[in-house]
Engineer: 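Please find one structure pasted underneath; my questions will follow.
Proteins get letters first, then strands, A, B, ... in listed order; numbering begins at 1 in each.
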Amino acid sequence: MPETKYKKDEDFNEWYNEIVELADLCDKRYPIKGMNVWRPYGWKLMNHVDRQIREEMEKTNHQEVYFPLLIPESLFKKEEEHIEGFGSEVYWITHAGTNELEERWLLRPTSETAMYPMFSIWIRSHADLPLKIFQIVNTFRYETKQTRAFIRVREIHFFEAHTCHVDFEDAEKQVKEDREIADRLLKKLCMPYIFCKRPEWDKFAGAFYTISIDVLMPSGRTLQLGSIHQYQDNFSKPYEISYETEGGEHNYCHQTTYGMSERILGALIGIHGDNKGLVMPPAVAPTQVVIIPIIFKGKEKEVLDACEILSKKLAEKNIKSHVDNRDISPGTKYYDWELKGVPLRIEIGPRDLDKKEIILVRRDTGEKKSVSQDASIETITVELDNISKSLYENAKKFLDENMHRVQSVEEAKNKKGIVELPWCGNDDCALEIENILDGNTLGEPIEDDEECKKYSCPMCGKPAETWMRFAKTY
RNA sequence: GGGCCCGUAGGGUAGCUUGGUCGAUCCUUUUAGCUUUGGGAGCUAGAGACUCCAGUUCAAAUCUGGGCGGGCCCA
């Protein structure tokens, strides 16, 4: 049974690199570090993820827009913390044609500073609020560290939603809705996750607070898939985004943003994949069912017809199937579609036709069974559902087994994955723990939890205010 | 910012120490034809590489210097 050269549970990072290449997701040979070419299958997968995001946006009344890639320096510099946070990783445009520009332009690292001057023009009255927009675009960040396909890149495929509200409370409602969106989306992708309220020193530049969406990769490192930010009026003041109330007063808006990136794809690869290749959750699999005709001389037509009929029936039930009638051996096709992560494979050959059966093979478990042709559609629907469930359950089990709530740094040291320690609220204590554990502070759980108050901070011994999570991160 | 390593077909490799036997090995890939098809089929005939520039030399994939590209470690 041919498998990847590197095994997922032995050398995850090498395995990941191998899979990305084998499955035709991206080409890292483009001669700029961290700027990879999206190959057809990778782009298709990303588009399927984006489609799910668009669906969620539609359901929650967000409008899709597209803002320019270039931002003038003067707009970028209106909010001080924001510049400090992003300044060092911005690409600058200094020349156009043969002229040096009077004012430099930058490639968006994120779009606040492009959008907000326009919001200021658009929003006049309380009736214009809430404003809820989003875009799916490429953003640029000059990474100096090691890059990794879909996980740390310089040109980032990025979803960003921006909202404006009448007051803090309404913005808080948006944060809640964003959390629900993340939950629905990641459930579809069969990915368990955690929300963390980022510590003060690590929140988004300019935000009032930041909630991160993190998943745990099989290597034991966490990967931040996205974040939800409450800006309060931190941006609306410098960008003058205000509205007139019913009473005729002028108030500043309260704003939120919600961003996620191509890291979702990185997580899908890492969390569900195995040594045979990708395993795609049915919700985002471009092909959910692949049908392999087993052809013998003289019976080609009969078999191919049966495949096409089944494919049509599946289409009627909105199940995406593909009949692979390439002139290569069936074994090759099996490996091919396993590598691509198609959740369910169906084999139809002359023997099956005689018995009025088809053969189903699950990608995740390899389980193989014959079912009667009459009941096939129902069985396929059920199987796809079962695959989703078991992908989620396995990933959830891994996450649960690798989240540890402990009281001392000593205990924390021996744990793989994410640890939660009682924390007094003092930055220095958390930073010291980071040092000892050689990891990063993820943040505190967003759910209220009184239990930690029983314990004390392992560094200074003062009473704990909250749990604080630490992990090695990507 | 400091240190280290690497560069041979699309991918993976051998050759480099000690220059000549290299008209560059093997696997994979790929083109055409025949034959096959229930887990990567076979045969025949083809295709495809020494990162670039300069130097040393009778002779450079191999030695020297530089450029470009890639990677790692430390701060």
Engineer: Round to the nearest Å and state the distance from A/I295 atom CD1 to B/rA41 atom P.
Structural biologist: 15 Å
Engineer: Counting only Watson-Crick pairs (N1-N3 plus N6-O4 or O6-N4) and G-U wobbles (N1-O2, O6-N3), all under 3.5 Å, who is the partner of B/rG65?
Structural biologist: B/rC53
Engineer: Write down the distance separating the P atoms in B/rG11 and B/rG48, rounded off to the nearest Å.
Structural biologist: 16 Å
Engineer: Measure from NZ or CZ of A/R141 to the centre of the six-membered ring of A/F158, then state whether that distance is under 6.0 Å and the direction lies within 45° of the axis.
Structural biologist: yes
Engineer: Quick one: A/I291 CD1 to B/rG38 P, roughly how many Å, whole number?
Structural biologist: 19 Å
Engineer: Work out how far the P atom of B/rU62 is from that of B/rC73, and round it to whole angstrom.
Structural biologist: 30 Å
Engineer: Taking CD from A/E347 and P from B/rG40, how many angstroms apart are they, rounded to a whole number?
Structural biologist: 12 Å
Engineer: Is the charged tip of A/K78 near the ring of A/Y116: under 6.0 Å from the six-membered ring centre and within 45° of its axis?
Structural biologist: no
Engineer: Ion pair present between A/D214 and A/R263, side-chain N to carboxylate O less than 4.0 angstrom?
Structural biologist: no
Engineer: For nucleotides 46-50 of chain B, give me every protein contact, N/O to N/O, under 3.5 Å, one pair per line with atom names.
Structural biologist:
none

Engineer: Answer with yes or no after comparing the ring centroid distance for A/W38 and A/F150 against a 6.0 Å cut-off, counting only values under it.
Structural biologist: yes
Engineer: Taking the nucleotide of RNA chain B with the closest heavy atom to each, which residue, A/I32 or A/F296, is nearer the 5' end?
Structural biologist: A/F296
Engineer: Do the ring planes of A/Y239 and A/F235 sit parallel (below 30°), tilted (30 to 60°) or perpendicular (above 60°)?
Structural biologist: parallel
Engineer: Would a line drawn from the ring center of A/F195 to the ring center of A/Y193 be shorter than 6.0 Å?
Structural biologist: yes
Engineer: Is the closest basic N to carboxylate O distance between A/K397 and A/E401 below 4.0 Å?
Structural biologist: yes
Engineer: Classify the ring geometry of A/W467 against A/Y455: parallel below 30°, tilted from 30° to 60°, perpendicular beyond 60°.
Structural biologist: tilted
Engineer: What verdict does the side-chain hydrogen bond (donor to acceptor under 3.5 Å, both in side chains) test give for A/R362 and A/S390, after you've listed the backbone C-alpha separation in whole Å, the side-chain angles of each residue and the deciding distance to 0.1 Å?
Structural biologist: CA-CA 11 Å; A/R362 271 175 73 155; A/S390 90; 3.1 Å; yes
Engineer: Choosing from B/rU36, B/rG39, B/rG38, which nucleotide comes nearest the side chain of A/K297?
Structural biologist: B/rU36
Engineer: Taking a pair as Watson-Crick or G-U wobble with both distances under 3.5 Å, which nucleotide is matched to B/rU36?
Structural biologist: none
Engineer: Using the P atom as the reference point in each nucleotide, state the distance between B/rG7 and B/rA14 in Å, no decimals.
Structural biologist: 10 Å
Engineer: For RNA chain B, what residues of residues 352-375 of chain A have any heavy atom nearer than 4.0 Å?
Structural biologist: A/D352, A/I359
Engineer: A/K28 has an atom NZ; how far is it from atom C1' of B/rC6, in whole Å?
Structural biologist: 16 Å
Engineer: I'd like the C1' distance from B/rA32 over to B/rU25, given in whole Å.
Structural biologist: 26 Å
Engineer: With the six-membered base ring of B/rG39 as reference, does the ring of A/Y334 sit under 5.5 Å away with planes under 30° apart?
Structural biologist: no
Engineer: Specify the separation, in whole Å, of atom CZ of A/R154 and atom P of B/rG69.
Structural biologist: 11 Å
Engineer: Any salt bridge linking A/K415 with A/E411? Criterion: basic side-chain nitrogen under 4.0 Å from a carboxylate oxygen.
Structural biologist: no
Engineer: For RNA chain B, determine which residues of residues 321-333 of chain A have any heavy atom closer than 4.0 angstrom to one of its atoms, and list them numerically.
Structural biologist: A/D327, A/I328, A/S329, A/P330, A/G331, A/T332
Engineer: For A/H322 and A/W337, take the angle between the two ring planes, folded into 0 to 90°, and tell me which bin it lands in: parallel under 30, tilted 30 to 60, perpendicular over 60.
Structural biologist: tilted
Engineer: To the nearest angstrom, how far is A/N17 atom CG from B/rG71 atom C1'?
Structural biologist: 11 Å
Engineer: Counting only heavy atoms from other residues, nucleotides and ligands, does the tally under 6.0 Å from NZ of A/K416 exceed 12?
Structural biologist: yes
Engineer: Across all strands shown, which nucleotide pairs with B/rA24 by Watson-Crick or G-U wobble geometry, both distances under 3.5 Å?
Structural biologist: none
Engineer: If I pick the C1' atom on B/rU13 and the same atom on B/rC58, what distance separates them, to the nearest angstrom?
Structural biologist: 32 Å
Engineer: On a whole-Å scale, what distance lies between the C1' atoms belonging to B/rG69 and B/rC52?
Structural biologist: 10 Å
Engineer: Any base atoms under 4.0 Å from A/K33, or only sugar-phosphate, or nothing? Heavy atoms, all strands.
Structural biologist: sugar-phosphate
Engineer: Which label fits A/Y231 and A/F204: parallel for a plane angle under 30°, tilted from 30 to 60°, or perpendicular past 60°?
Structural biologist: parallel
Engineer: Under 3.5 Å, is there an N or O donor on one side and an acceptor on the other linking the side chain of A/R29 and the base of B/rG11?
Structural biologist: no
Engineer: Can you check the A/I294 CD1 to B/rU36 P distance for me, whole Å?
Structural biologist: 17 Å
Engineer: Report the base-pairing partner of B/rU29 (Watson-Crick or G-U wobble, both distances below 3.5 angstrom), or none.
Structural biologist: B/rA47
Engineer: For A/T473, which of A/N440, A/T441, A/L223 qualifies under side chain to side chain contact (heavy atoms under 4.5 Å, CB included)?
Structural biologist: A/N440
Engineer: From CD of A/E14 over to P of B/rG12, roughly how many Å is that when rounded to an integer?
Structural biologist: 12 Å
Engineer: Using Watson-Crick or G-U wobble geometry with both distances under 3.5 Å, which nucleotide pairs with B/rU13?
Structural biologist: none
Engineer: Hunt down the Watson-Crick or G-U wobble partner of B/rG1, both distances under 3.5 Å, from any strand shown, or write none.
Structural biologist: B/rC74
Engineer: Is there, by distance only and without an angle test, a donor paired with an acceptor across the side chain of A/E21 and the base of B/rG10 below 3.5 Å?
Structural biologist: no
Engineer: Considering only atom P, compute the distance from B/rC26 to B/rC43 and round it to an integer number of Å.
Structural biologist: 15 Å
Engineer: Rounded to whole angstrom, note down the P distance from B/rU8 over to B/rA61.
Structural biologist: 15 Å
